[in-house]
Amino acid sequence: MVVEVHAAGVTFADVLFSRGLYQMKPELPFVPGMEVAGIVRDAPDGGKLRRGDRVAAFTELGGFAEVAIAPAHLTFRLPDSLDFAQGAGLVLNYHTAVFALVTRGRLRPGEWVLVHGGAGGVGTAALQVARGLGARTIAVVSSQDKAQVAYRAGAQEIVRSDGPWRDEVRELTGGGVDVVVDPVGGNRFTDSLRSLRAGGRVVVVGFAGGSIPQVKVNRLLLHNTEVVGAAWREWVIQQPDAADDIGAVVTRLIHEGAIRPVVGTLVALDDGADALRLIERRGALGKVVLATR
């Protein structure tokens with residue numbers, strides 16, 4: 001699918017790509033950019049989309065450009081209720097959130113969900129999706145500004161990462177949460193496990209905190225809890241049909257008004273390096289987006 005790019009999402013994975021720290025290391029030179037929103041310029045015959053359609057797409061590389069290529073099965077119609085900047089934050093974050101909460105986390109209505117990095121792109125997506133699916137939500141944030149972003153995204157309760165958040169979570173929920181969505185990792189991971197009630201699940205989405213935590217599996221045994229991974233990209237590459245199933249949930253939640261991507265910073269394409277630095281120093285509030293047109 002050839003897409004005329006109007007906006008490109010900026011992710012922590014793009015930062016890792018630019019530093020040579022991602023698990024996949026493309027040859028230099030390369031163009032970063034994993035997700036875009038724009039208008040179809042060319043599409044395969046007989047497909048679900050055609051020239052002129054508004055779309056959001058996963059590109060993996062090459063998105064920080066005026067024209068990009070995306071796999072047809074990872075290109076989705078962009079509802080008219082969302083603009084291109086919102087569309088640029090749709091695929092990676094919201095499809096990951098649905099995959100993490102529904103497919104891997106087995107979330108049920110009424111359960112408690114704790115979301116780390118509650119003001120970031122993945123965090124705000126997870127909060128909105130969880131609320132849309134009937135869950136109760138708590139966000140972990142590091143500042144008052146980030147708390148406001150998390151509230152707007154659907155957090156019902158807020159705890160600060162620099163405070164006794166584990167004890168506060170257990171008190172708020174009457175014993176612990178059912179699901180933790182963790183895109184951060186690092187030294188708070190053990191407390192995430194301790195914040196679970198019996199039968200709870202920690203869903204690992206990434207390691208924006210820098211370090212990869214270790215798990216003492218005796219804790220999982222004694223408390224009947226789980227740690228599961230949620231790598232949306234790898235899943236939909238191996239099982240292409242799953243992309244449509246996840247996309248259908250995202251589209252339904254958009255139409256129901258549950259999903260509204262939170263665009264925090266809009267940066268011109270020429271200043272793309274500044275957008276990467278903003279994410280690298282963890283200064284992002286909501287989704288960081290490059291405006292290409």
Side-chain angles (χ1 to χ4, degrees), residues 1-11 13-14 17 22-27 29-100 102-104 121 125 129 132 230-261 263 269 272 287 289-293:
M1 197 79 68
V2 182
V3 180
E4 179 185 285
V5 179
H6 285 243
V10 186
T11 72
D14 294 315
F17 267 121
Y22 199 69
Q23 55 260 36
M24 184 181 74
K25 295 177 173 58
E27 287 188 26
F30 70 91
V31 177
M34 302 187 77
E35 57 181 340
V36 302
I39 296 173
V40 174
R41 180 177 288 188
D42 192 27
D45 292 337
K48 59 185 179 180
L49 298 166
R50 60 186 179 182
R51 181 181 176 88
D53 285 342
R54 301 171 77 248
V55 293
F58 175 76
T59 54
E60 188 158 65
L61 287 173
F64 295 177
E66 294 177 337
V67 178
I69 304 294
H73 80 287
L74 299 179
T75 304
F76 305 90
R77 191 179 303 278
L78 180 63
D80 291 338
S81 58
L82 301 183
D83 60 27
F84 287 122
Q86 291 172 311
L90 192 61
V91 176
L92 210 72
N93 289 339
Y94 285 86
H95 287 236
T96 292
V98 169
F99 177 62
V102 177
T103 309
R104 304 296 289 148
V129 169
W232 169 83
R233 169 193 174 275
E234 285 71 19
W235 188 266
V236 296
I237 286 175
Q238 295 168 6
Q239 304 185 54
D241 290 345
D244 279 341
D245 295 337
I246 294 169
V249 176
V250 172
T251 299
R252 173 174 64 82
L253 292 174
I254 291 171
H255 291 320
E256 291 175 356
I259 286 179
R260 285 293 180 273
V263 177
L269 180 60
K287 182 68 177 178
V289 175
L290 298 183
T292 59
R293 296 176 186 270

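Treat the numbers as computed from the prediction; the structure is a model and nothing was measured. Starting from 1, each residue takes its place in the sequence as its number.
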Should [X] and [Y] count as side-chain neighbours, where that means a heavy-atom distance under 4.5 Å?
{"X": "Leu82", "Y": "Arg260", "result": "yes"}
{"X": "Ile246", "Y": "Tyr94", "result": "no"}
{"X": "Pro261", "Y": "Lys287", "result": "no"}
{"X": "Leu74", "Y": "Glu60", "result": "no"}
{"X": "Val289", "Y": "Phe84", "result": "no"}
{"X": "Gln86", "Y": "Val263", "result": "yes"}
{"X": "Phe17", "Y": "Leu61", "result": "yes"}
{"X": "Ile259", "Y": "Arg252", "result": "no"}

Nearest 0.5 Å please: distance from the CG atom of Leu90 over to the OG1 atom of Thr251. 7.5 Å
Rounded to the nearest 0.5 Å, what separation is found between the CG atom of Asp14 and the CZ atom of Phe64? 4.0 Å
[X] side chain vs [Y] backbone, donor-acceptor pair below 3.5 Å:
{"X": "Lys48", "Y": "Thr75", "value": "yes"}
{"X": "Arg77", "Y": "Val55", "value": "no"}
{"X": "Thr59", "Y": "Gly33", "value": "yes"}
{"X": "Arg293", "Y": "Glu66", "value": "yes"}

In Val5, Val2, Asp42, Thr292, the residue satisfying side-chain contact (heavy atoms from CB on, under 4.5 Å) with Val67 is Val2
As a quick check of understanding, evaluate side chain to side chain contact (heavy atoms under 4.5 Å, CB included) for Val236 and His95, giving each step before the final call. CA-CA 10 Å; Val236 296; His95 287 236; over 6 Å; no
